[in-house]
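What follows is one structure encoded as structure tokens, with my remarks underneath.
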There are 2 protein chains.
Amino acid sequence: MARQSIEDIRKIELIDAALAVIAEEGHDAATTQKIAARAGISAGIVHHYFGDKASLLQASMRAIRKPVVRAYVENLAAQGLTTTAGRPALEACLEAHLSPAILTVRRAAAWLQFTARVAYVPDYARVHALVRNRQIAALTRAVRPLVPHQGDAVRMGIRLAVALDGYWMECATREGGLTAKEARLAIDALLSDSVW
Amino acid sequence: MARQSIEDIRKIELIDAALAVIAEEGHDAATTQKIAARAGISAGIVHHYFGDKASLLQASMRAIRKPVVRAYVENLAAQGLTTTAGRPALEACLEAHLSPAILTVRRAAAWLQFTARVAYVPDYARVHALVRNRQIAALTRAVRPLVPHQGDAVRMGIRLAVALDGYWMECATREGGLTAKEARLAIDALLSDSVW
DNA sequence: ATTTATAGATTGAATGATCAATCAACTTAT
DNA sequence: ATAAGTTGATTGATCATTCAATCTATAAAT
């Protein structure tokens, strides 16, 4: 790992601070002043490294999903999987979205702040579309060998993605209202083959 | 129906305008100026009838769910139901949440704007908690005769509520991405008894 | 080793824009 | 004539962004 430049360090500090403020006080309350103060630096730094506030926020949105993708890859590796199709890969993907280490209130709350603005902020729409397409693709790929008809795979991929979204949102809105176990049970119900 | 006073008329006009602006441009962009202009009246009216902007917005949030409750009641009546327990009542409730007449992009988008702020705006949290509790209660009541164990009813009620939320959010975020039919299929999968 | 030069990093005050809320004046209806 | 309804300019607060000034670190030169 190459040594981090000051610029890289500051950017990461600002992104972390932005996500903390957004999760705790909401996107509306996340002023550059508050974010910079949270990072322990001056407000001017935001514009020195990111140009404007919007760039910092977009980078922050992107940062939220990195741990999910990383967990998916790690879960695959931990099971020694070389394929992303089939039930074990599906497990790896679901676990990457729902395990308590990943699905924290802070992460879910911050993600909800961004997704709620997708229809109005093109920057956010781009990130969201990218994330959504990859997520549905991964779920569809995993599910394909498990469904009797080809066309069902995409449908089930989308269905799972919507369910995962619902649980992320629930996690952001009602602290401690739902356990990861319950979420897994509900999703297993979706996968029940009695409906095909 | 008693004749509406000017006050009632203006309040409704302002609520409609607020929901239109919020759905089209987002909660952040919904200034009193824009809302009043949309309603075709002066900005000062907002404070004359609602006191402040926050009251108008809270009233608008409450207004979103009224058609859902009304549809539920109407659906029950249309089937001549006198009980809110059992499969037909469950149908009535699900249909009230997912029929194209109710689940419009505009309604879903506006609702998402408010729910995303529930953790930060106590006014919104109160409305949300009320709606959520009644929704889960209705679903639980309907589902109770259908599940083998008592404890499963509440769990399934919550599960259905989360799924409905997921589809409302999907409707707000991806225009035309999902049909009401698909949503119903996914929810029926949740109800499959193979998982109990 | 010390000094100097230079680029990068950082600060915080100033600017201009936006917005909610107020209110005095004006209009309409009864 | 009285009350209710309505307007829009004004006020004060908040915020993103800019920028001139200051500080720090590194490397070249003496």
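All values derive from a computational prediction rather than experimental measurement. Worth knowing before you read on, the calculation uses all heavy atoms, side chains too, and leaves out hydrogens, waters and symmetry mates. The chains referred to below are lettered A, B, ... by the order of the sequence lines, with proteins before strands, and numbering in each begins at 1.
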### Query
D:dC15 P sits how many Å from B:Asp28 CG, rounded?
13 Å

## Note on the structure
Picking from C:dA20, C:dA9, D:dT6, the nucleotide nearest the side-chain atoms of B:Ile6 would be D:dT6

#### Entry: Set of side-chain contact (heavy atoms from CB on, under 4.5 Å) partners for B:Asp123, sequence neighbours left out
B:Ala54, B:Gln58, B:Val121, B:Arg126

## Note on the structure
Members sharing A:Leu81's hydrophobic cluster, built from side-chain contacts under 4.5 Å between Ile, Leu, Val, Met, Phe, Trp and Tyr, are A:Tyr72, A:Leu76

### Query
Using a heavy-atom distance cut-off of less than 4.0 Å, which residues of residues 31-49 of chain A contact DNA chain D?
A:Thr31, A:Thr32, A:His47

### Task
Kindly write out the residues that satisfy side-chain contact (heavy atoms from CB on, under 4.5 Å) with A:Ala186, not counting sequence neighbours, or none if the list is empty.
A:Tyr167, B:Arg159, B:Leu190

### Task
Tell me, please, which residues at least two apart from B:Ala180 pass side-chain contact (heavy atoms from CB on, under 4.5 Å).
B:Pro100

### Task
To the nearest Å, give me how far apart CZ (B:Phe50) and C1' (D:dG5) are.
15 Å

### Task
Output all residues satisfying side-chain hydrogen bond (donor to acceptor under 3.5 Å, both in side chains) with A:Gln79, sequence neighbours left out; order by chain, then residue number.
none

### Query
Do A:Leu191 and A:Arg87 come close enough that some side-chain heavy atom pair is under 4.5 Å?
yes

#### Entry: Nearest listed nucleotide, side chain of B:Asp52, among D:dT6, C:dA21, D:dT17
C:dA21

### Task
Report yes if a side-chain nitrogen or oxygen of B:Arg10 is closer than 4.0 Å to either non-bridging phosphate oxygen (OP1 or OP2) of D:dA4; otherwise report no.
no

